[in-house]
Amino acid sequence: AVVGTARACLAFPDVDTLHDSFVAVGPFQHSAFEVHGVPHHHWIEPGHAGDLARMNDDLRALVVTASRMFGDTLPYPRYDFVTLLMARGHGGLEHKDGCVLLRPRTSLSAPKEYEEFVTLAAHEHFHAWNVKRIHPDTLGPTFDYAREHYTRELWWLEGGTVYYEERITYRAGKVDAARHLARLADGGGGEVLVGGVGAATGHRDLPAPAVVRALGPPHQQHLGPARGATQDGRHGRLDRHFAPTAIDQHGQRHAGGPA
């Protein structure tokens, strides 16, 4: 991070790391914590009604809980959560050593909306393992940037991550048992894990280019109203976030329905 008017020269070990890195410029509030000796940072745009200290504590709890699934280890040397605020809409994008979270500016104080922030953070952080380091060959670690990359494994890459966002949030003590079960029943990965990508999109047997045409341009697939605004809660989110990894080179931006 560069603070103030200082200039920075950024170096990357390879082009794939360059494409997978995000840059955010502007005023940010900052908090930080460590887990297993690894520094974590949260950068959030100002002008929200959230509790920065509470967010920091909750993000730490999510990281600790996720790391327990992998022997109390973390796969990165540093991790950055970057929260960008919008007038409406929501989403997220995973990176190898960080993630970008998109939330409505007014959504960080109401209990249910804050719950969505926490589960979104759990989702994107779990991608540090599932997708960024555990994935089909077509999704890395290197890419041919001259062609598109397709996969039929999103039932696990995204559906599995949706399931574990719920489990991690519950195990971290951020929702109680009743709320956890209600969220799972409302679509926390169940229909995806059972039915595969076709069960949620209706495009199981179509070739990938046809799915791209059917779902529309990436910005239409992912940028949309907040959960439940016009669609049936989490089912709308599941529908929206199948296309990004399947139709784009996986290092490219696919903000919107959380990936």
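Index from 1, following the sequence.
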**Same cluster (ILVMFWY, side-chain, under 4.5 Å), Ile134 and Phe126** = yes
**Prompt:** Is there a side-chain contact between Val63 and Phe33 (heavy atoms, below 4.5 Å)?
**Reply:** yes
**Item:** Thr17 side chain vs Pro13 backbone, donor-acceptor pair below 3.5 Å
**Value:** no
**Item:** Joint hydrophobic cluster, Phe70 plus Leu74, side-chain heavy atoms closer than 4.5 Å
**Value:** yes
**Asked** If you draw a 6.0 Å radius around NZ in Lys96, do more than 12 non-hydrogen atoms from other residues or ligands fall strictly inside?
**Response** no
**Message:** For a quick test of reading the model, state the closest non-hydrogen atom pair linking Asn56 to Ser31 and the distance between them.
**Reply:** OD1-OG, 2.9 Å
**Request:** Quick one: pull up CD in Glu153 and OG1 in Thr138 and give me the separation to the nearest 0.5 Å.
**Result:** 10.0 Å
**Asked** Got more than 12 heavy atoms from elsewhere within 6.0 Å of OH, Tyr170?
**Response** no
**Request:** Would you tell me whether His123 and Glu158 have side-chain atoms, one donor and one acceptor, within less than 3.5 Å of each other?
**Result:** yes
**Trp129 and Tyr76 aromatic ring geometry - parallel, tilted or perpendicular at 30°/60° bounds** = tilted
**Asked** How about Tyr150 and Leu139: do any of their side-chain heavy atoms sit closer than 4.5 Å?
**Response** no
**Request:** Assess whether side chain to side chain donor-acceptor pair (under 3.5 Å) is satisfied between Glu165 and Tyr163, documenting all intermediate values.
**Result:** CA-CA 6 Å; Glu165 80 181 54; Tyr163 174 75; over 6 Å; no
**Item:** Tyr164 side chain reached by Asn130 side chain, heavy atoms, under 4.5 Å
**Value:** no
**Prompt:** Pick one: which of Leu85, Leu84, Leu120, Leu93 meets side-chain contact (heavy atoms from CB on, under 4.5 Å) with Leu102?
**Reply:** Leu84
**Request:** Let me see the working for Leu101 and Phe117 under side-chain contact (heavy atoms from CB on, under 4.5 Å), right down to the final yes or no.
**Result:** CA-CA 8 Å; Leu101 311 174; Phe117 166 78; 3.8 Å; yes
**Message:** Using the rule that Ile, Leu, Val, Met, Phe, Trp and Tyr join whenever any side-chain heavy atoms are under 4.5 Å apart, tell me whether Met69 and Leu184 fall into a single cluster.
**Reply:** yes
**Asked** If Ile, Leu, Val, Met, Phe, Trp and Tyr residues are connected whenever their side-chain heavy atoms lie under 4.5 Å apart, and connections chain through other members, are Val175 and Leu181 in the same group?
**Response** no
**Asked** Between Asp16 and Phe143, is any pair of side-chain heavy atoms under 4.5 Å apart?
**Response** yes
**Item:** Distance flag, aromatic centroids of His42 and His30, threshold under 6.0 Å
**Value:** no
**Asked** Does some side-chain heavy atom of Arg78 sit less than 4.5 Å from a side-chain heavy atom of His40?
**Response** no
**Message:** Between Arg133 and Asp97, does any NZ, NE, NH1 or NH2 come within less than 4.0 Å of an OD or OE carboxylate oxygen?
**Reply:** yes
**Asked** Taking the side chain as C-beta and beyond, is there a heavy-atom pair between Trp43 and Thr83 under 4.5 Å?
**Response** no
**Request:** Answer with yes or no whether the hydrophobic clustering places Phe12 together with Val82; edges join I, L, V, M, F, W, Y residues whose side-chain heavy atoms lie under 4.5 Å apart.
**Result:** no
**Asked** Would you say the side chain of Val38 lies within less than 4.5 Å of the side chain of Tyr79, judging by non-hydrogen atoms?
**Response** no
**Request:** Keeping the roles fixed (side chain from Glu124, backbone from Glu94), state whether a donor-acceptor pair exists under 3.5 Å.
**Result:** yes
**Item:** Any side-chain donor near an acceptor of the partner, Thr169 and Arg183, under 3.5 Å
**Value:** no
**Request:** Report the distance from atom OG of Ser107 to atom CE of Met86, rounding to the nearest 0.5 Å.
**Result:** 10.5 Å
**Request:** Mark yes or no: Arg54 above the aromatic ring of Tyr114, with NZ or CZ under 6.0 Å from the six-membered ring centre and no more than 45 degrees from the axis.
**Result:** yes
**Prompt:** So does Asp14 have more than 12 non-hydrogen atoms from other groups sitting under 6.0 Å from CG?
**Reply:** yes
**Message:** Applying side chain to side chain donor-acceptor pair (under 3.5 Å) as the test, list every pair that has at least one member in residues 60-75; sequence neighbours left out.
**Reply:** His36-Ser67
**Request:** Decide if the gap between the ring center of Phe81 and the ring center of His41 is smaller than 6.0 angstrom.
**Result:** no
**Request:** Search all heavy atoms of His135 against all heavy atoms of Leu157 and return the closest pair with its distance.
**Result:** CA-CD2, 4.3 Å
**Message:** Looking at Pro46, is its backbone amide N or carbonyl O close enough to the side chain of Arg105 to form a donor-acceptor pair, meaning the two atoms are under 3.5 Å apart?
**Reply:** yes
**Request:** Kindly compute the distance separating OG1 (Thr119) from CD (Glu115), expressed to the nearest 0.5 Å.
**Result:** 6.5 Å
**Request:** Only counting residues at least two apart or in another chain, list the ones meeting side-chain hydrogen bond (donor to acceptor under 3.5 Å, both in side chains) with Gln29.
**Result:** His48
